[in-house]
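Each remark here refers to the structure printed beneath this line.
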Amino acid sequence: MTVPTDPTMTAHQPHPFIGGRAVALRALAAWRAGTGPRAVLVTGGAGSGRSRLLTGFLMLCEPGYRERIELAALDPVTVPPEGLAAPQVFGAAGLTAAQLLWLVADELVPGADRVEEVYRRLAEAEPMAVPVVIADCDRAGVLPGPGEVTQVTTEVLLPLALAPGVRLLAEVPRAEAERLAKEVPGDQLLVIDLDQDPWRDPAALLLQAEHTIEQQGTARQVAQTAESALVVRLATWSARAVPGVPLGLPGGVGDAIDLHAERCGMDELTLRRLLAPLALAGPEAALPLELWAPLASSVAGKDLGPVLAAGQQLLLPFFELTGDDQHPEVRIVHPAVADELRDRFGGAVREVQRRIATALLATLEGEGPERWRDAALYVREQLAGHALEGGLLAGLLDDAGFLLHAEQLRLRAAVDQFASAGGELPSLARTWLRLAPLFTRQGLRPELRAGLLEHGARQDGVEVPGLGVGLPWRTLWARPLPGVRAVTASVGPDGRSALVAYRPEPGTGAEAETEGIPGLTAYDALTGEQLDFDPEALARPSEEQRAAAGLALSTGGDYLRVWAVGEGGVTGDPVAVFLSAGPLGGADLTPDGLLLLADATGVSVLRLAVPAPVTAPA
C-alpha cells in the first residue's frame, strides 16, 4: 500500500501522548474504519516507539480515553470514526504462544477445545470482521530468547492475519514482520516500519527532546543524532539526573549507557554490573529491591552495595520503581536496554548468570527440600532461567523441592530448553516433565503437585525421595497394565481386599487371563501381588462395608474427588483430589479406604492421608 508523505501539520495539534506519528495514525485510523488493509503490522527497531504508538492509537479507540482528548484539535483523518467499539486487545508479554492462542480463542471461537478446531473456525468466513490487537509480541515467552516470539508469529499471528473474520493489528519485531509479509497477500497487509519513510517521524523526536531538555540547541542535536525515541528518552533522563554537565550526543542505547556513566564520573563496566540483575531477569520480571545489591555484588565479585546506595544519579535513567511501599521492586526501564546490556556481556553471560543463580541459592535457609517452602517468590519464579543460562540447572533438577516449588511454567520452559540441547534429565525430573502439562495447566498447591509427582514416580519405577511437604496420599504400588477400562474393589475369602481390573481386549499370558476369565486381572490391594483367583471366591464389598469407610468417590474423565461421608451424607470440601495427565480408566474405594486407580499406564493403589474410619464397638 502506498501512503503519501505527511504534509505540514500547522493546522492541527499533535497527539497529546505520542507528539507526532501523524502518517502512521492515519493508516491505523483507516484500519479501524475498515477502509485500510485487513492486517497491519507495526514494526521497527527496539526502542523505536512501537508500543507508544499502539498505546496512543488505542486511546483514540477507547470511548473513555477519547473523552479526555480534545479530538477537534487533532487531524480528523488520524482519529477513528465515532461510535465504533474498542477493538479486543491481547498482550503477549510474558505468555507462551499456546497461552496467547487460547486467550484469543476464548474470545473469538468460544467452545473450541482443540488447536485444530481453533484454526478451522478462524478460517471460516464471517459476515463482519472483528478488530483484534496483539501487543508486545517482542516480549512473548517466560524466558529470554527469540524462540517464543517466532512461535507466536507461526501459531497466532499468521492464522489471525489470514482469517477472513479478523482485522488484525499487531506490534512485532522486524524479522517477524518480514516473515509474515511472505505469507500474507500483499493487498491484505500493511507494514508500518517506524524506522523507514514515510513512517519515521524526526519531528516527533524533536518535540520529545525539547519537552525535557532546556537548551533548545542541545535538544535539536540529540534529536538529530538519536536513532530512536528510546535513546532520546535515555538522554533526557540523563540530563535530568546530572544537570549542569555537558550531555553528549548518543546515537544508540549503548552510547546512552556509556555517556551517562561518563557524566557521572563512573566507569561503564560498573554501571553494567549494577544493571545486570535487572537486565538478565526474565521477561516482565521485577527484582525485589533488597536483592539488588547482593546480586549485583555477586556479578562484580565485590561489594557494590555502597555504590548502589549512592548511585541514584548513575542508575536513574535505566530502571523504574514498581511494587509498593512495603515491597518495593525495580525493573529495567525498557527491553532494549536489557538486550544491549546482554550483548555487551557477550560470552561472559554464562558466568554472570551462574553468579546470579548462586547468589539466589544462597538466600535459601536450611537443608533438604523443605528449604524451598519459604523461598522468596522471586527465587522460585526466576531461578530456573538464571540456572539454565548459568549451567546450574542439571544439579537443581535432582532436588525434589525445587521441582515442586519453582514456578511451573518457567521451569517447564527451562527444562524443555535444557533437554532439547541434549541435557540429561535425572529420573525424577523425567517424571516431572511427563506431568508438566498437568502442572502448568492447573493452579495446584505444592502438596497436590507433590502427591501427583510421588504417584508418577512410582509408576515410572523411580525411587521417591523426601518431598518436603505433607502428601495427600502414599502410593502403595503401581503396575503396568495397558487398556484397563474399569477397576473394582473385591474381597477374597480370607477377607483381603483386591483390585480387579477389566480389559476388553485381552492380550496373552497370565496378565490377560486368570483362571480362564478373559480380560480380568486381580491384585492384592495392599501388596500388588497378582492373584490366581476363582471368580466365585471374590465378592464386591456390600453397601454396609463401603459405608464403613466413611468415604465417597466422584469421578470425571481425568480427575476424581474423594469426600468424607457423615450421617447426613457428604460433608465439606473433598478430602482428596486426584488429577490425571490423561483419561482415567477407572477408580474405586475399598472398605478400608484404599483408592484404586487405572490410567493409560496401568493400575495402582493409594493410601489416602485421611483418618481411618472408626468402627463402633459391637
Side-chain angles (χ1 to χ4, degrees), residues 96-98 141-148 150-151 280-282 342 347-362 364 367-372 375 379-441 444 446 449-469 475 478-480 482 580-582 599-602 604:
T96 65
V142 295
L143 295 177
E148 203 68 47
T150 301
Q151 284 188 268
L280 298 180
R342 177 182 283 272
V349 166
R350 181 180 175 87
E351 175 60 19
V352 172
Q353 290 281 41
R354 186 193 68 79
R355 294 185 181 192
I356 291 175
T358 301
L360 291 175
L361 285 169
L364 300 176
E367 297 292 336
E370 296 84 358
R371 60 184 180 152
W372 295 97
V379 176
R380 288 184 276 120
E381 288 184 343
Q382 300 299 324
L383 179 58
H386 291 299
L388 173 67
E389 284 200 86
L392 300 181
L393 186 61
L396 289 173
L397 295 180
D398 251 338
D399 190 325
F402 175 69
L403 293 174
L404 291 175
H405 291 279
E407 199 279 321
Q408 298 292 290
L409 198 62
R410 291 180 178 87
L411 179 57
R412 182 182 179 186
V415 172
D416 282 342
Q417 287 191 32
F418 177 77
S420 64
E424 184 175 351
L425 298 178
S427 299
L428 189 63
R430 287 197 296 272
T431 296
W432 177 90
L433 186 58
R434 176 169 69 81
L435 299 173
L438 180 63
F439 294 161
T440 55
R441 284 199 311 267
L444 308 180
R449 285 202 297 267
L452 296 174
L453 183 62
E454 183 265 357
H455 179 254
R458 291 297 300 273
Q459 287 181 313
D460 294 342
V462 174
E463 182 178 352
V464 182
L467 298 177
V469 296
T475 304
R479 298 285 184 271
S580 175
D599 61 14
T601 66
S604 56

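In this chain, residues are counted from 1 in sequence order.
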What heavy-atom pair brings [X] and [Y] nearest, and what distance separates the two atoms?
X	Y	answer
Gly391	Arg350	CA-NH2, 3.4 Å
Leu143	Ala414	CD1-N, 3.5 Å
Ala375	Leu364	CB-CD2, 3.4 Å
Leu425	Arg430	O-NH1, 2.7 Å

Roughly how far, to the nearest 0.5 Å, is the [atom2] atom of [Y] from the [atom1] atom of [X]?
X	Y	atom1	atom2	value
His386	Thr358	NE2	OG1	11.5 Å
Asp460	Glu463	CG	CD	14.0 Å
Arg412	Leu435	CZ	CG	11.0 Å
Phe439	Leu404	CZ	CG	7.5 Å
Glu381	Leu409	CD	CG	11.0 Å

Determine whether Trp372 and Val469 satisfy the following criterion, side-chain contact (heavy atoms from CB on, under 4.5 Å), listing intermediate values before the conclusion. CA-CA 10 Å; Trp372 295 97; Val469 296; over 6 Å; no

Do [X] and [Y] have side chains that approach each other closer than 4.5 Å (heavy atoms only, starting at C-beta)?
X	Y	answer
Thr601	Pro480	no
Leu393	Phe402	yes
Pro369	Leu467	no
Leu397	Trp432	no
Val352	Val349	no
Leu452	Leu444	yes

Has the side chain of [X] got a donor or acceptor atom that lies under 3.5 Å from a matching backbone atom of [Y]?
X	Y	result
Arg380	Glu407	no
Asp416	Ala419	no
Arg479	Ser604	no
Arg458	Ala478	no
Asp399	Gly401	yes
Gln382	Gly282	yes
Glu148	Ala97	yes

Does the pair Leu383 and Leu392 meet the rule for a side-chain contact (heavy atoms from CB on, under 4.5 Å), with working shown? CA-CA 10 Å; Leu383 179 58; Leu392 300 181; over 6 Å; no

Leu403 vs Leu396, test: side-chain contact (heavy atoms from CB on, under 4.5 Å). Steps then yes/no. CA-CA 8 Å; Leu403 293 174; Leu396 289 173; over 6 Å; no

Strictly by modelled atom types, are [X] and [Y] linked by a side-chain donor-acceptor pair under 3.5 Å?
X	Y	result
Thr431	Arg434	no
Thr475	Glu454	yes
Thr440	Gln408	no

Is there a side-chain contact (heavy atoms from CB on, under 4.5 Å) between Ile356 and Gln353 once you walk through the steps? CA-CA 5 Å; Ile356 291 175; Gln353 290 281 41; 4.1 Å; yes

What I want to find out is whether Arg355 reaches Glu351 closely enough, with some N-O distance under 4.0 Å, to be called a salt bridge.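 Result for this pair is yes, salt bridge flagged.
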
Glu389 bridged to Arg342 by N-O distance under 4.0 Å: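 Salt bridge between Glu389 and Arg342, a charged N being under 4.0 Å from a carboxylate O: yes.
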
